[in-house]
Asker: 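Below is a structure I'd like to ask you about.
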Amino acid sequence: MSISVETFFLNPNAEGTLQAQIQQMIAQGILSGRFRKGEKLPSSRSLARHLGVSRITVTLAYTELQASDYLEARDRSGYFVSENAPEPPQFDPRPSGTDVIDWSRALGRRFTGGHTPEKPQNWSSYRYPFIYGQADPSLFDHANWRHCALQALGQKDFQALTTDYYDQDDPLLIEFIARHTLPRRGILAQPDEILVTMGAQNALWLTAQVLLTQRRTAAIEEPCYHALRDILMQSRCHLAPVDVDRDGLPPDALPQHADVIFTTPSHQSPTNATMPMDRRKVLLDKAREMDALIVEDDYEFEISFLRAPLPALKSLDTDGRVIYVGSFSKSIFPGLRLGYLVGSRQFIRECRALRASVLRHPPGHIQRTAAYFLSLGHYDSLVRRMGTVFARRRQTMEQALADHGLGIEGRGVFGGSSIWMRAPDSVDTAELDQRLRARSVLIEPGLSFFRGPDAPRNYYRLAYSSIPSERISDGIAILAEELHRQS
C-alpha cells in the first residue's frame, strides 16, 4: 500500500532546515501510527514537487531516515516504512492540553446515555446466538441479491445509480410499495403519501421531529422498543408510558393529554402481544376523541408464518390520523437500512423536507437493487423460506423451554422471530447474560425495554432467527442450568 503524497504538509511555523522538517514529518507519521510498516512512501520527485522543495532535499531526508531504521530502500521500488521502525506508542499521541473546551456546557443536546444496549458484533461466533434482528446467511438469497445489484449497476440504470433525487425516491421502489407491499396490509396510498427512509428507526426519528415539541406529549408502550424511547427523549417531548397487557396497548389507559400515540399492534415490541381487531377499533375511536395521532410501527408483519396477520391499523383509519412505519431491514437483512413512512400528504411533505436537509435520500443504487429484488419475486421467496424455517425453529424452542420448565411470558400470535421470557424475580438477566456468554450462549436482557430506576431486571428475549434448529435444545439446556444456579 502506498502513502498518498497529499498527506504531507510542511508546517510554516516549524523551525530547522527543510530537510530536518521533512524527516520530522515522516518520523511523526510513523510514531503516530498513520504510516504503517511496509507502506511505500511517495517518490522523492513527487514529494519534492508537492512540497515545493528540491529533490535532493527529500532524498537526503529519506537517506537519514533509512540510516535511523525508520525507512528501508528496495531496489527499483523506492522507500518503504521499515519493518524495524519504532512501534507507535500505546497512549493517545495528541499533545496534552489541546482540548480545553468545557463540553458539558458546549453541548446543546446530549444524545448519549440512552437505553439502546450494545450488542456484540461477533454474535455469529457464538454457538447459541439467541440474538434478535440479525440475518441468517443460510437463509439469505445471496445469488439473486447479487444479480439485482449488478443489474442496478448497468448502463440502463445509470441515472437511477448516479442521480441526485434531492427529496424524491426511486419511482420503481415507490411503485412496488404502493401496489404490492401496502395492499397486503390493507393499505391504499398514492406515491406522494410514501417516503423511503433509512430503516424504520429513521422513520420514527423523522416522525418525532416533525410531530413533537417540548410542549407536546407522546404516549408510548411500557415496555417498548428502547431506541424509540431514546428518540423521544432526545426530542424533549413529554413522555407518558402506558403498561401493555396480553393484548398490547390498552386504549382506556391512555392519558387524555397525549398528542401522539406510538404503538406496535401486530407484534408488540418486545412482548410480542398482538392487538385484537376490537381493540384496534377502540384505539382509533379513542384517538379521535383525544384528537391524537397514532404512529403504527409494523416492523415484523412479513414474518407471519402461523396464519395471516390482521389488517394494519392504518387500513382501518378513515381520518388520516394513523402514520404507518414499515421496514425491509428485518426481512431482507438489517444492514440494508431501508424502510418507509406512509401518511397524509402534508405530513409526508414535511418529513421529505427534513430528510432532504439531513441526508437528501437513501442511496439510489440501494433503492434500485431492492426494487428489482422485490419486483422479480425474490423477496416473496425469501419470506416464504424464512417462514418455513422459523416455524420449525419456534416449535423446537417452545418444546425445549417446556422440557426445562421455563415459562414463556409472550409469543407472537401470527409468528415473529422471538419469544419474550421472564426469569424468577431474584434473577438479574444482565448478569445471567454475562455468565452465558462464557458458555457461548447469547440472550438479550430485557432491562433496556423498561423505563425508570425501578424497572424489572428479570425479563429477557430469546430470538430464533439466527440459530439453527439443531442447536436450540442444547442452548436452552445451558440457559436452564445457569438460571437454576442463579435463582
Side-chain angles (χ1 to χ4, degrees), residues 145 147-185 187-212 231 235 293 295-299 301-302 312 314-315 317 320-379:
W145 180 264
H147 172 75
C148 292
L150 290 173
Q151 186 175 351
L153 284 170
Q155 184 65 34
K156 173 187 172 185
D157 293 299
F158 180 78
Q159 187 172 358
L161 170 70
T162 61
T163 192
D164 179 1
Y165 286 114
Y166 183 56
D167 63 351
Q168 299 299 307
D169 291 305
D170 186 332
L172 288 186
L173 181 57
I174 292 293
E175 180 184 12
F176 187 89
I177 293 173
R179 296 183 57 188
H180 298 274
T181 304
L182 294 179
R184 294 179 180 180
R185 304 296 290 124
I187 301 171
L188 299 178
Q190 297 299 315
D192 60 354
E193 297 174 322
I194 303 169
L195 181 71
V196 177
T197 63
M198 298 288 283
Q201 192 160 325
N202 177 230
L204 292 170
W205 180 83
L206 289 169
T207 300
Q209 292 296 310
V210 168
L211 298 182
L212 295 169
I231 288 170
S235 75
L293 296 172
V295 179
E296 176 185 15
D297 184 359
D298 206 7
Y299 66 98
F301 90 86
E302 299 98 331
K314 175 68 176 172
S315 70
D317 174 31
R321 69 177 64 254
V322 177
I323 296 162
Y324 182 85
V325 176
S327 174
F328 296 114
S329 298
K330 288 288 185 295
S331 47
I332 299 182
F333 54 86
L336 179 64
R337 307 313 313 143
L338 208 59
Y340 50 92
L341 269 171
V342 183
S344 298
R345 289 178 178 84
Q346 296 90 331
F347 167 75
I348 293 296
R349 184 167 57 243
E350 288 299 309
C351 289
R352 191 182 302 280
L354 176 58
R355 189 194 68 175
S357 68
V358 176
L359 54 83
R360 302 284 247 199
H361 57 80
H365 179 247
I366 294 296
Q367 292 197 53
R368 182 54 57 96
T369 300
Y372 282 140
F373 193 76
L374 294 163
S375 61
L376 293 174
H378 305 315
Y379 177 74

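Start at 1 with the first residue, then count along the sequence.
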Asker: Assess whether side-chain hydrogen bond (donor to acceptor under 3.5 Å, both in side chains) is satisfied between Y379 and S331, documenting all intermediate values.
Answerer: CA-CA 8 Å; Y379 177 74; S331 47; 2.8 Å; yes
Asker: Does the pair K314/E296 count as a salt bridge with the N-to-O cut at 4.0 Å?
Answerer: no
Asker: Which of parallel (below 30°), tilted (30 to 60°) and perpendicular (above 60°) describes H378 and F373?
Answerer: tilted
Asker: Do W205 and L354 touch side chain to side chain, with heavy atoms closer than 4.5 Å?
Answerer: yes
Asker: Does N202 reach the side chain of R337, with side-chain heavy atoms less than 4.5 Å apart?
Answerer: no
Asker: So which heavy atom on I348 is nearest to which on D192, and how close?
Answerer: CG2-O, 3.6 Å
Asker: Are Y372 and D157 linked by a side-chain donor-acceptor pair shorter than 3.5 Å?
Answerer: yes
Asker: F328 and F333: ring pair (Phe, Tyr, Trp, His ring centres under 6.0 Å), yes or no, with the steps?
Answerer: CA-CA 7 Å; F328 296 114; F333 54 86; over 10 Å; no
Asker: Would you find more than 12 non-hydrogen atoms of other residues, nucleotides or ligands less than 6.0 Å from L188 atom CG?
Answerer: no
Asker: Tell me whether R368 is salt-bridged to D169, with the criterion being a basic N under 4.0 Å from an acidic carboxylate O.
Answerer: no
Asker: Has S315 got a side-chain atom pairing as donor or acceptor with A312's backbone, closer than 3.5 angstrom?
Answerer: yes
Asker: Hey, are D167 and R355 close enough for a salt bridge, meaning a charged N less than 4.0 Å from a carboxylate O?
Answerer: no
